[in-house]
Amino acid sequence: MNPLQDNINQAVQQMTEYLTANPKATSWQLKVMFHLSSSVLYLALGKLLAEKKITLEADGINYNITWGAEAVAKQAAENANPFQPN
């Protein structure tokens, strides 16, 4: 692996541990807490999103992040009716 991939995997692990205990956070909180560059932060969030472990909701320049069962249920509801406003 290259150093960027190592940093992304480490960020995913840190975020997973944190979000397991605290199912809601913002992208800014995670960036500051784990001292992440923007690139590593968003690539790690993208990996968690692709694995369907989180949902992201835009809030200005930040994202609200939801972890776990609530995230999966919300994603399933959106997929069931993509034209229904939230």
Side-chain angles (χ1 to χ4, degrees):
M1 266 195 243
N2 66 42
L4 178 60
Q5 289 173 325
D6 291 339
N7 288 343
I8 294 167
N9 289 335
Q10 181 180 5
V12 166
Q13 182 180 0
Q14 290 173 326
M15 287 184 208
T16 299
E17 290 170 6
Y18 178 78
L19 290 169
T20 301
N22 308 290
K24 291 189 183 273
T26 66
S27 56
W28 183 254
Q29 286 174 318
L30 297 175
K31 179 178 173 54
V32 171
M33 186 181 317
F34 300 122
H35 307 285
L36 302 173
S37 69
S38 295
S39 298
V40 171
L41 171 71
Y42 291 114
L43 289 168
L45 288 174
K47 187 171 182 176
L48 290 171
L49 186 64
E51 294 172 359
K52 298 185 180 188
K53 293 182 178 180
I54 63 169
T55 57
L56 298 175
E57 184 178 323
D59 183 20
I61 62 171
N62 290 311
Y63 286 95
N64 293 321
I65 302 159
T66 306
W67 173 264
E70 185 178 336
V72 172
K74 183 176 179 182
Q75 187 68 40
E78 289 174 2
N79 289 341
N81 190 354
F83 300 107
Q84 180 70 26
N86 294 335

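Since we're looking at a predicted model, the values are computed, not measured.
- The minimum heavy-atom distance linking Ala25 with Tyr18 is given by the pair CB-CE2, 4.0 Å.
- Taking CG of Asn2 as the reference point, atom CG of Asn7 lies at 9.0 Å (rounded to 0.5 Å).
- Atom NZ in Lys31 sits 7.5 Å away from atom OH in Tyr42 (nearest 0.5 Å).
- Every residue two or more places apart in sequence or in another chain that forms a side chain to side chain contact (heavy atoms under 4.5 Å, CB included) with Asn62 is listed here: Ser27, Trp28.
- Scanning all heavy atoms of the two residues, the minimum distance from Leu36 to Ala11 falls at CD2-CB, 3.9 Å.
- A side-chain contact (heavy atoms from CB on, under 4.5 Å) with Leu48 holds for exactly one of Ile65, Thr16, Leu56; it is Thr16.
- If you take CD on Gln29 and NZ on Lys24, they are separated by 12.0 Å, rounding to the nearest 0.5 Å.
- We find the CG-CD distance between Leu30 and Gln14 to be 10.0 Å, quoted to the nearest 0.5 Å.
- Residues meeting the salt bridge (Lys or Arg N to Asp or Glu O under 4.0 Å) test with Glu17, sequence neighbours left out: none.
- No chain of hydrophobic side-chain contacts below 4.5 Å, direct or via other Ile, Leu, Val, Met, Phe, Trp or Tyr residues, connects Val32 to Leu43.
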Side chain to side chain contact (heavy atoms under 4.5 Å, CB included) evaluation trace for Gln10 with Val40: CA-CA 10 Å; Gln10 181 180 5; Val40 171; over 6 Å; no

